[in-house]
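Accompanying notes for the structure given below.
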There are 2 protein chains.
Amino acid sequence: MTATEPPRRPPTAQEFVLAELRRSIVTGELRPGEQIRQEALAERLGTSRVPLREALKILEGEGQVAYHPHRGYFVAELSSADLVEVYRIRRLLEDEAVAAALPLLTDEDLAALQDAVEAIEQADAIADIPAMTRANRSFHFLLIDSVGMPRLTRLIRQLWDATDAYRSMYFVEPENREQVRREHREILAAVTARDLPRTLELLHAHQDHAVERVSRVLGH
Amino acid sequence: MTATEPPRRPPTAQEFVLAELRRSIVTGELRPGEQIRQEALAERLGTSRVPLREALKILEGEGQVAYHPHRGYFVAELSSADLVEVYRIRRLLEDEAVAAALPLLTDEDLAALQDAVEAIEQADAIADIPAMTRANRSFHFLLIDSVGMPRLTRLIRQLWDATDAYRSMYFVEPENREQVRREHREILAAVTARDLPRTLELLHAHQDHAVERVSRVLGH
DNA sequence: CATCCGGATATTGTATCCAATCCATGCCCC
DNA sequence: GGGGCATGGATTGGATACAATATCCGGATG
């Protein structure tokens with residue numbers, strides 16, 4: 001779980017809108033570079049523009065959307081250079097997080113990781129891209145959540161969000177899913193053995209492959 | 001300068017409000033933990049609540065304020081553990097940025113750093129805390145801006161923002177200002193010599209001292 | 001033929017009003 | 001006297017109406 005306490009309260013309109021926006025961006029329903037038409041989108045979501053705008057402001061603060069005053073909000077777009085930068089920063093932060101987390105993982109954590117790997121394989125089997133994206137995230141965040149550094153986790157999450165749309169794109173191809181699936185099994189083995197150097201080595205290869213694949217997507 | 005192009009257009013109300021909020025948080029005018037009363041604050045700023053709320057949403061996305069639905073916004077508060085975490089992440093990111101930037105610094109950059117150091121000393125001389133805070137930031141960001149990694153710079157800026165209020169507090173004491181002033185001179189010398197190990201060593205010491213001082217402030 | 005200048009139109013930005021929720025106070029009941 | 005509950009006031013959340021700004025297009029002008 002990602003440090004969100006379960007709100008027993010009915011969600012506010014703006015919470016709903018924010019979740020919906022995130023989903024739309026991740027799935028590529030709202031495409032990178034696309035302008036967000038407030039009135040049309042608000043109507044489609046069944047609210048007024050006010051909650052929509054406030055949700056957009058959060059995403060602006062997180063860098064998920066670009067804002068041009070008096071012109072509007074645009075889904076953030078990644079250049080190749082941006083992509084390389086995102087992964088470079090991710091490596092810095094995730095290495096630290098994993099190194100700190102590895103000795104702290106409990107048996108329950110390992111079991112949860114095992115479950116996540118199986119979820120990935122199931123999603124792969126039925127070619128359910130969104131489920132695959134979710135399970136993939138879930139695996140990697142389980143790995144680092146236990147370190148108890150909420151800000152670090154938050155930053156890493158922001159970086160993931162920035163590339164999720166592209167990740168969804170390459171999950172479409174079965175051979176990419178197959179590779180991701182295999183790599184997670186290997187990472188899990190290294191983690192279970194508490195072998196930090198090996199874990200990092202595998203994670204780095206995992207990331208490098210992701211950069212390659214996304215680069216291909218970016219180059220059409 | 002932190003990559004903000006000069007907007008030739010009259011600022012919108014919400015841009016003004018956002019800048020004002022940031023300033024108030026940095027200077028401690030709005031104190032950590034304090035609830036932000038929207039109506040009163042909006043009136044004081046001469047706008048309606050709408051631009052204020054949108055500005056608050058950005059700060060929420062950046063983690064500068066905490067939001068509790070139906071209860072309000074509160075200026076973010078740092079525990080000792082948070083403080084240590086922030087500096088730990090900063091070190092990761094800034095080391096990378098400085099290492100990448102050091103070989104790229106131009107003579108103009110070095111001159112600008114020189115100017116920043118002098119601005120720090122002037123601010124110290126007349127005990128102008130906000131100016132000192134600004135000059136301090138300016139020095140450190142000049143050091144990393146030239147690396148041309150906008151996302152990295154952005155993340156580092158967020159981390160700085162999180163602790164600016166506390167930094168302002170310890171700048172009140174002359175001996176702290178004196179130490180900061182001296183350390184910047186030393187860092188500048190190492191940077192000018194393009195001596196990366198020495199630069200990092202000095203920066204680490206600089207950060208460690210900051211953690212110590214802020215910890216004292218936190219412990220009242 | 002290219003360029004510059006309005007003005008119409010679409011879209012965003014802000015103010016105001018009302019509804020929903022929370023919190024404190026005081027009452028009643030146990 | 002203490003704890004639960006209703007009620008009033010304060011505060012936030014959301015909808016609507018209006019103002020400000022940008023964009024697009026047609027026409028005048030060099």
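The sequence lines fix the lettering, A, B, ..., with proteins before strands; numbering per chain opens at 1.
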message: I need a per-nucleotide contact map over nucleotides 10-17 of chain D, read 5' to 3'. Cutoff is protein heavy atoms under 4.0 Å; write B for the base, S for backbone only, - otherwise.
response: -SBBBBB-
task: Establish, yes or no, whether the cationic atom of K57(A) lies under 6.0 Å from the six-membered ring centre of Y67(A) and within 45° of the ring axis.
output: yes
field: Residues R31(B), E34(B); criterion side-chain contact (heavy atoms from CB on, under 4.5 Å); working and verdict
entry: CA-CA 5 Å; R31(B) 296 222 289 232; E34(B) 180 178 348; 3.8 Å; yes
task: Could you tell me the separation between the CD atom of E173(A) and the CD1 atom of I129(A), rounded to the nearest 0.5 Å?
output: 10.0 Å
query: Which residues within residues 16-25 of chain A lie with some heavy atom under 4.0 Å of an atom in DNA chain C?
result: none
query: Taking the six-membered ring of Y170(B) as reference, does the NZ or CZ atom of R213(B) fall below 6.0 Å from its centre and within a 45° cone about the axis?
result: yes
query: Any idea which heavy atoms bring F139(A) and L113(A) closest together, and the distance?
result: O-CD2, 3.4 Å
statement: To the nearest 0.5 Å, atom CG of L93(A) lies from atom CD of E96(B) at 10.0 Å
query: In Å, rounded to the nearest 0.5 Å, how long is the span from CZ of R90(B) to CD of Q207(B)?
result: 5.5 Å
